[in-house]
Novice: 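Dropping a structure here in structure tokens format, bear with me for questions.
Just follow the structure's listing: the first ligand is 1, and inside any ligand the first atom is 1. Sequential numbering from 1 along the given sequence is applied to the chain's residues. All figures in this text were calculated on a predicted structure; none of them were measured in a lab.
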Amino acid sequence: MPPMPDEHPIDAHARETPATAPQAFDFRKHGHAMVDWIADYLEGIERFPVQPAVEPGWVRAQLPRSPPDAGEPWERIAADVDRVIVPAITHWQHPGFFGYFPANASGPSILGELLSAGLGVQGMLWSTSPACTELETHVMDWMCGMLGLPAHFMSTGPGGGVIQDTASSATLCAVVAARERATGFAGSGGGLQAADGTGTLVAYASADAHSSIEKDLRIAGIGAANLRLVPVRADRSMDPGAFASMVRDDVRAGRRPFLCVAAVGTTSTHAVDPVRALAETCAAHGIWLHVDAAHLGIAALCQEFRAIHDGVDLADSYCTNPHKWMLVNFDCDAFWVRDRATLVRALSVLPEYLRNAATEGGKVIDYRDWQVPLGRRFRALKLWFTIRHFGKRGLQDLVRRHVALADDLRARVAAEPSLESVCPTPWSLVCLRHRDGDAATQAIIDRVNASGTAFVSHTKVDGRLVLRVSIGAPAVAARHVDALWELIRGAR
Ligand SMILES: *Cc1c(COP(=O)(O)O)cnc(C)c1O
């Protein structure tokens with residue numbers, strides 16, 4: 001049969017020397033050039049405007065309609081990074097990036113990411129790459145100590161830590177483990193009962209909880225309607241009295257409270273829910289307590305900020321993101337559970353094709369049972385490189401430097417009659433607004449973001465617009481915060 005029009009025959013030479021074999025691409029040369037490119041980019045990042053000025057569709061308009069038929073020279077591909085990609089990048093590593101939350105990266109972490117890609121391993125089971133599993137267990141135990149987390153989260157006790165892609169996924173695992181514990185592992189046995197009003201599972205989080213909580217509850221079949229948003233106090237932290245009374249009401253109505261997600265550092269304002277007080281109610285009703293410390297948790301690297309973890313020793317699970325504030329590039333969420341058996345029972349399925357002696361022997365961790373996907377990347381490398389290069393002290397210095405810059409900014413806001421601080425916290429996030437109202441606050445945001453030298457984002461607190469300054473870029477220094485301040489007060 002003649003080949004179909006889009007087929008081309010494989011000749012004898014191609015069978016012997018595949019074009020996809022490593023030696024058929026000059027990886028050494030192009031790799032060195034790419035590393036140089038990244039180094040130049042990071043060193044010269046301040047020459048770019050923080051936010052790109054492209055219209056929707058601009059990137060796609062630069063690209064050909066169809067992929068190339070024959071392979072292209074690498075030089076042409078690499079040149080398109082400058083032509084098409086860079087003009088449409090938000091420069092998260094820019095020292096003038098004060099938006100959302102930091103997504104800081106570092107040289108050691110980037111090399112860990114590169115090495116992970118180069119090794120190309122799948123760490124789903126211990127046996128599919130022992131180093132991938134054991135290094136992860138080891139650095140997660142390190143992290144547990146570095147953050148002052150309870151010893152029962154260590155792999156040497158009944159708990160353990162695992163790297164997830166994001167806090168959203170970590171919380172989803174907590175939701176599923178909590179659901180299974182509350183239903184006698186019905187999800188893995190007889191299936192969930194229809195939510196007919198009796199025995200319905202209900203979850204709780206503060207009105208300021210991250211959107212991922214609702215999303216996770218929807219994914220896990222609990223449903224957004226069964227998420228109770230607990231009122232917050234003046235500082236935007238969850239009201240533990242309101243939580244306790246909502247739980248009592250639900251129990252009285254025949255519902256089954258099964259999960260409370262406490263935020264240590266809400267996304268809007270970094271409010272810290274009273275974990276210890278919430279834990280009391282959770283203990284009385286068998287409610288799984290999960291702590292979402294995605295951004296702020298990293299502050300606990302420093303002894304003087306450890307108070308944010310008060311009560312975490314009573315939690316069932318906890319997560320924080322080294323990919324936000326610990327110089328590990330996205331993605332890297334650190335998730336711990338108090339009792340790994342519950343998590344593993346909730347998520348474990350063992351098909352025949354994954355059976356192996358190490359797993360049957362029970363002496364190893366198979367992290368596929370600790371997460372949603374089967375496959376997993378070797379993320380521990382970038383965490384290991386980062387911790388070893390900077391040391392505990394280097395990472396503590398980073399946090400302290402950012403907090404000191406935030407303190408300076410808070411002091412300036414306090415001294416400026418036209419501005420007011422909103423829900424002030426003593427860490428790296430500064431929330432403020434103009435006393436004249438939303439239009440005046442919006443004008444400040446617009447002025448800052450039109451400058452190209454700084455970028456801030458916003459939130460709403462009690463229905464009023466708030467400007468958020470999140471300090472956490474790797475290279476941010478006093479002069480960048482000074483420049484931002486000049487923009488905020490309209491001096492430039
Ligand atoms: C950033 C953040 C999240 C979401 O983090 P992902 O890792 O992107 O899922 C959740 N909760 C809080 C408190 C956050 O700050």
Side-chain angles (χ1 to χ4, degrees), residues 90 92 97-105 109 143 147 161-176 203-220 227 229-230 232 235-238 259-275 278 289-300 305 308-309 312 315 317-336 371-373 376-377 379 382-383 399 402 406 423 425 427-431 457-459 461 466 468-473:
T90 296
W92 283 72
F97 184 93
F98 299 104
Y100 315 108
F101 46 80
N104 60 30
S109 172
M143 283 288 296
L147 295 170
V162 58
I163 301 177
Q164 303 270 341
D165 53 3
T166 59
S168 304
S169 295
T171 300
L172 176 59
C173 292
V175 170
V176 172
Y204 308 80
S206 98
D208 277 8
H210 192 265
S211 56
S212 57
I213 318 295
E214 177 185 329
K215 189 171 178 176
D216 290 337
L217 289 165
R218 283 160 56 180
I219 293 169
L227 169 62
L229 295 182
V230 181
V232 292
D235 68 353
R236 310 300 297 183
S237 66
M238 200 195 290
L259 171 75
C260 174
V261 180
V264 167
T266 57
T267 308
S268 260
T269 63
H270 271 182
V272 173
D273 292 339
V275 178
L278 301 176
L289 178 58
H290 173 66
V291 176
D292 172 11
H295 177 180
L296 185 60
I298 298 299
F305 304 129
I308 60 170
H309 282 165
V312 167
S317 54
Y318 169 96
C319 72
T320 189
N321 287 353
H323 73 222
K324 276 182 172 164
W325 199 14
M326 218 187 84
L327 297 170
V328 179
N329 64 283
F330 189 85
D331 52 353
C332 182
D333 166 271
F335 174 56
W336 286 271
Q371 62 172 21
V372 172
R376 59 201 326 274
R377 317 194 301 112
R379 292 193 190 87
K382 58 186 174 184
L383 193 51
V399 167
H402 291 152
C423 303
T425 53
W427 308 292
S428 62
L429 178 66
V430 183
C431 293
S457 58
H458 75 278
T459 187
V461 174
V466 171
R468 294 169 76 261
V469 179
S470 172
I471 298 181

Novice: For atom 9 (O) of ligand 1, what's the nearest protein heavy-atom neighbour? Residue, atom name and distance, please.
Specialist: Ser168 OG, 2.5 Å

Novice: Quick check on contacts: which atoms of ligand 1 are under 4.0 angstrom from a heavy atom of Thr267?
Specialist: 12 (C), 13 (C), 14 (C), 15 (O)

Novice: Among all protein heavy atoms, pick the one closest to atom 10 (C) of ligand 1 and tell me residue, atom and distance.
Specialist: His210 CG, 3.2 Å

Novice: Of all the non-hydrogen atoms in the protein, which one sits nearest to atom 1 (C) of ligand 1, and at what distance?
Specialist: Lys324 NZ, 1.4 Å

Novice: Can you report which non-hydrogen protein atom sits closest to atom 7 (O) of ligand 1, along with the distance?
Specialist: Ala167 N, 2.7 Å

Novice: Is the closest heavy-atom distance from Gly265 to ligand 1 below 4.0 Å?
Specialist: yes

Novice: By number and element, which atoms of ligand 1 are closer than 4.0 Å to a non-hydrogen atom of Asp292?
Specialist: 10 (C), 11 (N), 12 (C), 13 (C)

Novice: A quick test of your reading: do over 12 heavy atoms of other residues, nucleotides or ligands sit less than 6.0 Å from CZ of Phe330?
Specialist: yes

Novice: Look at the rings of Trp336 and Tyr318 and say which category their plane angle falls in: under 30° parallel, 30 to 60° tilted, over 60° perpendicular.
Specialist: tilted

Novice: Do NZ/NE/NH1/NH2 and the carboxylate oxygens of Asp331 and Lys382 come within less than 4.0 Å?
Specialist: yes

Novice: Which atoms of ligand 1 have any heavy atom of His323 under 4.0 Å away?
Specialist: 7 (O)

Novice: Give a yes/no verdict on whether any heavy atom in Asn321 is under 4.0 Å from an atom of ligand 1.
Specialist: yes

Novice: Is a donor from one side chain sitting under 3.5 angstrom from an acceptor on the other, for Ser206 and Asp208?
Specialist: no

Novice: Identify the two heavy atoms, one from Ser237 and one from Val272, that lie closest to each other, and give their separation to 0.1 Å.
Specialist: CB-O, 3.1 Å

Novice: Do Met326 and Leu383 come within less than 4.5 Å of each other through their side chains, counting heavy atoms only?
Specialist: yes

Novice: Where does the angle between the aromatic ring planes of His295 and Phe101 fall among parallel (under 30°), tilted (30 to 60°) and perpendicular (over 60°)?
Specialist: perpendicular

Novice: Atoms of ligand 1 less than 4.0 Å from Ala294 heavy atoms?
Specialist: 2 (C), 3 (C), 10 (C), 11 (N), 12 (C), 14 (C), 15 (O)

